[in-house]
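Input: a single structure, listed below in structure tokens.
Since we're looking at a predicted model, the values are computed, not measured. Counting starts at 1 for both ligands and their atoms, in listed order.
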Amino acid sequence: MSEKDCIFCRIIRGEQPADFTHRGERIVAFKDIRPSAPVHILIVPRKHIRSINDLAGEDESLIAEMILLAPDLAREAGIASSGYKLLFNVEKGGGQFVFHLHLHLFGGWQRK
Ligand code: 5GP
Ligand code: ZN
């Protein structure tokens, strides 16, 4: 899929609305349109990368930045201390439907 047709590229370019929780120089985050948890945020690089399989050596700091952003967003959402999950789905067999790299942040369950 080209960047022109990519749904997350369209969101990043402002051509399609999204509920943003972060707009950084290299990374954005927005709420998942069909949340699978009370808090479900997608952490997305502005650079169009298909999946984890397509990362290059030069993307090392980008992927680190994505992961390091997660606790900040979790804190803002009030779920850092209660806990959360981070997930990369990789390719169709791994449950990936949108082929623009993204890190899922899930949390907010009432677990005792
Ligand atoms: P994947 O299965 O590819 O790892 O996850 C893609 C996620 O993107 C899904 O959880 C899906 O609900 C979400 N998603 C798909 N299209 C849109 C959209 O247009 N806007 C937003 N905010 N989320 C989307
Ligand atoms: Zn894209």
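- No N or O atom of Gln96 sits closer than 3.5 Å to an N or O atom of ligand 1.
- The nearest heavy-atom contact from the protein to atom 17 (C) of ligand 1 is Ile33 CG2, 3.7 Å.
- How far CD1 of Ile43 is from CG of Leu103: 4.5 Å, rounded to the nearest 0.5 Å.
- Among protein heavy atoms, atom 22 (N) of ligand 1 sits closest to Lys31 O, 2.9 Å.
- Close approach of ligand 1 to Phe30 (heavy-atom distance below 4.0 Å) involves ligand atoms 22 (N).
- Salt-bridge annotation for Arg10 and Asp5: absent, with no side-chain N of the basic residue lying under 4.0 Å from a carboxylate O of the acidic one.
- By the 4.5 Å heavy-atom criterion applied to side chains, Asp19 and Phe30 are not counted as neighbours.
- Considering both main-chain and side-chain atoms, Phe97 comes within under 3.5 Å of ligand 1 through a nitrogen or oxygen pair.
- In the vicinity of Asn89, heavy-atom distances shorter than 4.0 Å reach the ligand 1 atoms 1 (P), 2 (O), 4 (O).
- Annotation: atom 2 (O) of ligand 1 to nearest protein heavy atom, Gly95 O, 2.7 Å.
- Aromatic ring centres of His100 and His102 lie farther apart than the 6.0 Å criterion allows.
- His100 contributes ND1 as its N, O or S atom closest to the Zn ion (ligand 2).
- For the pair SG of Cys6 and ND1 of His48, the angle whose vertex sits at the Zn ion (ligand 2) is 110° to 10 degrees.
- Hydrophobic clustering of Ile, Leu, Val, Met, Phe, Trp and Tyr side chains at less than 4.5 Å, counting indirect connections, keeps Ile49 apart from Ile7.
- Using a cut-off of 4.0 Å between Lys/Arg side-chain N and Asp/Glu carboxylate O, Glu58 and Lys47 are scored as salt-bridged.
- Residue contact check: Ile7 has heavy atoms under 4.0 Å from atoms 19 (O) of ligand 1.
- Looking at heavy atoms from C-beta onward, Arg26 lies out of side-chain contact with Val28 at the 4.5 angstrom threshold.
- The shortest heavy-atom distance from Phe8 to ligand 1 is under 4.0 Å.
- A salt bridge links Arg50 with Glu91; the closest basic N to acidic carboxylate O contact falls under 4.0 Å.
- Paired with Phe106 under the rule side chain to side chain contact (heavy atoms under 4.5 Å, CB included), one option of Val39, Ile79, Leu87 passes, and it is Leu87.
- Atom CG of Asp59 is separated from atom CD1 of Ile52 by 9.5 Å, given to the nearest 0.5 angstrom.
- Polar contact check, His40 against ligand 1: no nitrogen or oxygen pair lies under 3.5 Å apart.
- Given atom 19 (O) of ligand 1, the protein heavy atom at minimum distance is Gln16 NE2, 3.3 Å.
- Distances between N or O atoms of Ile11 and those of ligand 1 include no value under 3.5 Å.
- The protein atom (non-hydrogen) at minimum distance from atom 12 (O) of ligand 1 is Asp32 OD1, 2.5 Å.
- Nearest protein neighbour of atom 15 (C) of ligand 1, counting heavy atoms only, is Val98 CG2, 4.0 Å.
- What sits closest to atom 5 (O) of ligand 1 on the protein, heavy atoms only, is His102 NE2, 3.1 Å.
- In this structure the side chain of His104 never reaches within 4.5 angstrom of the side chain of Leu86, judged on heavy atoms.
- At a 3.5 angstrom cut-off on N or O pairs, Ala18 does not count as close to ligand 1.
- Those atoms of ligand 1 that come under 4.0 Å of a heavy atom in Arg34, given as number and element, are 12 (O).
- The NE2 atom of His48 sits 13.5 Å away from the NZ atom of Lys4 when rounded to the nearest 0.5 Å.
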